[in-house]
Structure formats: C-alpha cells, structure tokens
Amino acid sequence: MKVIVLGGGVIGVTTAYFLAEAGHEVTVYDRQPGPALETSFANAGEVSPGYASPWAGPGIPVKAIKWLLMKYGPLVVRPAFDPNMWTWLLKMLRNCTAERYALNKSRMVPLAEYSRDTLKALREATGITYDERTKGTLQLFRKQKQLDGTGGDVEVLKKYGVPYEILDRDGCVAAEPALAAVREKFVGGLRLPGDETGDCKMFTDKLAELCVARGVTFEYGSTIRRIVRNRNRLTNVLTDGGWRTADAFVMAMGSYSAQFMRSLGRPIPVYPVKGYSITVPISNAEAAPVSTVMDETYKVAITRLGDRIRVGGTAEISGYDLRLHETRRRTLEHSVGDLFPGGGDLKAASFWCGLRPMTPDGPPLVGLSEVANLYLNTGHGTLGWTMACGSAKVLADIMSNRVPEINARDLSPERYLKPI
C-alpha cells in the first residue's frame, strides 16, 4: 500500500521502518525540521519493560494529594476550563482499582517485553548505536513501606517471566556503586536486569537514515493543516506542501493525535501529561549512575547516557502548555543531587519538557481506528521509547494482514468503544 505516517517522533519513525520492511510505500510528515524534536527529544532514556505499569492504580487518588503537597512532589495539576482534561481524569480515576490495575499492567508488560526484544533484533540486524546500555533498571526505595509494597508488581513480573531482584542496601550498591556514598538515604530496591537505556533522539535520527535507505520519504517542516474524511474513509490530508493522498494513514502524532481525531468526529481518550528533564554533563564518572535509577519517592528517573546524565520526571496536567517552570527543574536537581552528589555539573544542565500522550488506563492505542483506513499508534505515555519498536512491528503486521507475534487485541482502540 501507499501509506502516510503522520508524525516523525520515535513512534512515527519506527512505524515507517517496519512498514517499509513489510514492502509498503511510506511517506512521513512532520512539522519539525527533523525527526524526534518534540516528545522524543530528551526523555528519560529508559527502555524499561519491567517498569511498564499504568499510572492508574489502587491508592493513587490518596497518593496524588500527598504528591501535590510535597515540596519536590512528582505531580502538578494546573486546572483549566477544558472538558477533555476533566473527562480524562474521571476515566483515569475509574481505573484506580486493584482489578483494573492488574488487567492494564498485564496488557502493557507483554508489549513492552516484545518491544525490547524487537529493539535488540533491530540493533543486531542494522548495527545501530545510540549510547545504549544493557545494565538494567534499579527502582530505589527510600522508605521500608515502599519496599514492602512491591508484592503486586512482583506477582505480575513472575506471571510474565520478567527477571527481577529484590535488593537490600548492599545489593543496590553492588548494582550502582556510586550509591555507596549515600547508602543511609535508601533501604533497598527492585532491580530489573532485562531493562536497557539509550538516547531516544539519537536512535530516531539514525533509524530515519535507515528508513531513507529503504525508500521511505520524509517531508519535514510540513504541518498537517487538515484531514478530510469522506463517509468512513480518509481521502487526503492538507500539508504545507499541498494535498496528499494514500491508501492508508497512520496517526502517530502523540498528544496531538487527539485533536485531529476530534476533528474527524472520532475522539480518542488521549491527553497530554507534561514531563520535564535535565541533561547533565558528567563531571565525575565514578560518582555517576551506571544505568537507570528510579527514585521512587520523587518518581524521577536518573539515567546514564554516554557522557551525560538524563534526569526525567514530573507529571504535570496542564493541557498543551509547553512553558518551562523552574520549580520542576528544582525537583529534578534535588533527586540527582541527593543520590549522585558530584556526579554531574548541574550548573551546565539543559532543561526541557515534552507532552506525553496518556490513555486513562495505561496501554497505548495500536490498531485500526473507527475510520476504515486510519490506523492509530499513540497513547504510550511515559513508555513511548520503551514500546516504540514493538508497537510499530505490531501495527505493520496488522496493516500487512499478518497475525502479530503477540496478542494485540487489547491494544486496539476498540476497547474504548464501551464506556470505562
């Protein structure tokens, strides 16, 4: 088929790669001058299938109140007169039960594991490099109550055969030697040795080059102005370069997918949740992390990327606002400075934010939409980098009339056709 992919972030580019590999003629449109210049640009750097969990879970409403009151809290809500915000929040609250949490996590972990394995296969087949490391993720607990509360997650990890280790202080220091200097600040951790790290922007840039070598066309600096639906099929899209048509279309525009789907009269429950990061030059390699440390108290991920430390976190519900708030920077600086003092030069850090496309239940939307020739690949939330290759491979299989290698039925937008 002739396929148009709308969006040139990591989701759009991986989708283009696997569609081209399946023999389709692919063109990618993005408003930016190059790939991965929005939400994929400076994320936390984690490829963490073992950490794939929905935000909505039992106890979250109470925890959210505590987080809002914390000095370095991980959650910010900036209320607005936006019905989409409040509808999304209500649906998320309805998923905050033990039963729904277990169901939603059981849908996310297999996709994330499959995606990590697909990324490995891609790396072996192409030789692509992106400051990758395969040294796992350490979820660090500052309080015993946090460590004691891992039972539910461990049961899911066991169910799907995901390797894990429950560590005491000494075990955490063995995994991340720089933590020896602050061992009194934590009680233990949950290590996921199968997780990886890497620079998502670097990966997407290099994969886009591989796409071009496979015949994919990229139209950068080309904003999508309008999408036209005739009955229940897309007919064409209006870009800065004029009208374009195709046999099939893929919506991979992150949070902005929701706006375009509403314009088509086919709304999807995706809402932007802003995340922040700082990128810190390493000043002392021995005092820096080896891989990723997830500071559970502040919900901050601290990741080694080559000669840099990427520190990502915060969930800010404020619509499509892309302003950088210094209070969020202080939260990130506090976490990395507290756990890895002297590891990086915070004064030289760059500050960034991006809009994570979140679904209320957690799993992304991957598959055919309610429009006959429009496919969705969006709603990955904080796990876009983790799930990118797997989601793209699943969608390419669906669009090529092949049976996906994992059960993708529960990722389909159809799950939202019934009220949640």
Side-chain angles (χ1 to χ4, degrees), residues 3-49 111-134 195-222 250-254 257 303 305-306 308 310 354 356-357 364 366 375-378 380 383-400 404-405:
V3 182
I4 285 178
V5 176
L6 305 173
V10 68
I11 300 297
V13 173
T14 51
T15 300
Y17 178 87
F18 285 105
L19 283 171
E21 192 177 61
H24 301 288
E25 179 186 343
V26 184
T27 303
V28 179
Y29 290 90
D30 195 276
R31 63 186 175 184
Q32 297 293 344
L37 289 173
E38 295 197 19
T39 303
S40 303
F41 181 73
N43 63 24
E46 300 172 88
V47 179
S48 300
L111 173 62
E113 288 280 310
Y114 175 67
S115 188
R116 190 266 323 282
D117 294 343
T118 304
L119 173 60
K120 282 184 176 179
L122 174 63
R123 192 164 62 227
E124 292 170 1
T126 65
I128 192 170
T129 58
Y130 44 92
D131 277 346
E132 72 281 359
R133 290 189 171 211
T134 56
D195 287 4
E196 301 185 1
T197 59
D199 188 321
C200 182
K201 165 64 174 168
M202 187 184 298
F203 170 83
T204 310
D205 283 345
K206 292 187 176 183
L207 190 65
E209 295 174 3
L210 294 175
C211 284
V212 171
R214 286 162 172 75
V216 176
T217 300
F218 286 86
E219 296 287 345
Y220 298 121
S222 189
V250 177
M251 184 73 71
M253 299 172 72
S257 300
T303 301
L305 295 177
R308 301 155 293 147
R310 176 70 51 74
R356 311 177 185 110
V366 183
Y375 296 82
L376 299 179
N377 197 359
T378 188
H380 297 78
L383 296 165
W385 179 205
T386 294
M387 294 181 168
C389 287
S391 297
K393 184 69 163 59
V394 164
L395 188 62
D397 285 341
I398 291 171
M399 294 178 67
S400 304
E405 295 172 331

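Quick caveat: nothing in here was measured; it's all calculated off a predicted structure.
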Trainee: Test your reading of the model: is there a side-chain donor-acceptor pair from Lys201 to the backbone of Val10, 3.5 Å cut-off?
Mentor: no
Trainee: Indicate the atoms forming the closest heavy-atom contact of Ala22 with Ser400, along with that distance.
Mentor: CB-OG, 3.5 Å
Trainee: For the CG atom of Leu122 and the CG atom of Leu210, what is their distance to the nearest 0.5 Å?
Mentor: 7.5 Å
Trainee: Do the side chain of Arg356 and the main chain of Thr39 share a donor and acceptor less than 3.5 angstrom apart?
Mentor: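 No; zero donor-acceptor contacts below 3.5 Å.
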Trainee: Any chance you could measure Glu405, atom CD, to Lys393, atom NZ, to the nearest 0.5 Å?
Mentor: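 It is 4.0 Å, given to the nearest 0.5 Å.
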Trainee: Got a second to check how far Asp199's CG is from Lys206's NZ, nearest 0.5 Å?
Mentor: 9.5 Å
Trainee: Do the side chain of Trp385 and the main chain of Ala44 share a donor and acceptor less than 3.5 angstrom apart?
Mentor: no
Trainee: According to side chain to side chain donor-acceptor pair (under 3.5 Å), who are the partners of Thr386, at least two apart in sequence or on a separate chain?
Mentor: none
Trainee: Search all heavy atoms of Pro364 against all heavy atoms of Leu111 and return the closest pair with its distance.
Mentor: CG-CD2, 3.7 Å
Trainee: Taking C-beta and beyond as the side chain, do Thr14 and Ser391 meet within less than 4.5 Å on heavy atoms?
Mentor: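 Thr14 vs Ser391: side chains apart.
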Trainee: Over all heavy atoms of both residues, which pair between Ala16 and Val28 is shortest? Give the atoms and the distance, please.
Mentor: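 What the structure gives for the nearest pair is CB-CG2, 3.6 Å.
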Trainee: Can you sort out the partners of Asp131 under side chain to side chain donor-acceptor pair (under 3.5 Å), two or more places apart, ordered by chain and number?
Mentor: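 Partners of Asp131 by the side chain to side chain donor-acceptor pair (under 3.5 Å) criterion, ordered by chain and then number, come out as Arg308.
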Trainee: Give the C-alpha distance, both sets of side-chain angles, the deciding distance and a yes or no for side chain to side chain contact (heavy atoms under 4.5 Å, CB included) between Thr27 and Glu219.
Mentor: CA-CA 7 Å; Thr27 303; Glu219 296 287 345; 4.0 Å; yes
Trainee: Begin with the C-alpha distance, continue with both residues' side-chain angles, and end with the deciding distance and a verdict on side chain to side chain contact (heavy atoms under 4.5 Å, CB included) for Tyr114 and Thr118.
Mentor: CA-CA 6 Å; Tyr114 175 67; Thr118 304; 3.7 Å; yes
Trainee: List the steps, then state whether side chain to side chain contact (heavy atoms under 4.5 Å, CB included) holds for Ile128 with Phe203.
Mentor: CA-CA 7 Å; Ile128 192 170; Phe203 170 83; 3.8 Å; yes
Trainee: Give me the atom names and distance for the closest heavy-atom approach of Pro35 to Ala208.
Mentor: CG-CB, 4.2 Å
Trainee: Run the side chain to side chain donor-acceptor pair (under 3.5 Å) test against Gln32 and tell me which residues pass, sequence neighbours left out.
Mentor: Glu38
Trainee: Please round to the nearest 0.5 Å and tell me the distance separating atom CG of Leu305 and atom CE of Met202.
Mentor: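 It comes to 8.0 Å.
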Trainee: Does the pair Arg116/Glu113 count as a salt bridge with the N-to-O cut at 4.0 Å?
Mentor: yes
Trainee: Are Phe218 and Cys211 close enough that some pair of their side-chain heavy atoms sits under 4.5 Å apart?
Mentor: yes
Trainee: Should Met253 and Thr378 count as side-chain neighbours, where that means a heavy-atom distance under 4.5 Å?
Mentor: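 No, too far: nothing below the 4.5 Å cut-off.
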Trainee: Looking at side-chain heavy atoms only, is the closest gap between Glu46 and Asp195 below 4.5 Å?
Mentor: no
Trainee: Check whether any side-chain heavy atom of Arg123 sits under 4.5 Å from a side-chain heavy atom of Thr134, and report yes or no.
Mentor: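 Yes, at least one pair of side-chain atoms sits under 4.5 Å.
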Trainee: Please round to the nearest 0.5 Å and tell me the distance separating atom CG of Leu395 and atom OG1 of Thr15.
Mentor: 5.5 Å
Trainee: If you take all heavy atoms of Tyr29 and Ser222, which pair is closest and at what distance?
Mentor: CD2-OG, 3.6 Å
Trainee: Looking at every non-hydrogen atom in both residues, tell me the closest pair between Ala392 and Phe18 and how far apart they are.
Mentor: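 Smallest interatomic distance, heavy atoms only, reads CB-CD1, 3.7 Å.
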Trainee: What's the spacing between Leu6 CG and Tyr375 OH if we round to 0.5 Å?
Mentor: 14.0 Å
Trainee: Using the side chain to side chain contact (heavy atoms under 4.5 Å, CB included) rule, take Leu19 and Val250 through it: C-alpha gap first, then chi angles, then the decisive distance, then the call.
Mentor: CA-CA 11 Å; Leu19 283 171; Val250 177; 4.3 Å; yes
Trainee: Flag the pair Tyr130 / Leu119 as yes when at least one side-chain heavy-atom distance between them is below 4.5 Å, and no otherwise.
Mentor: yes
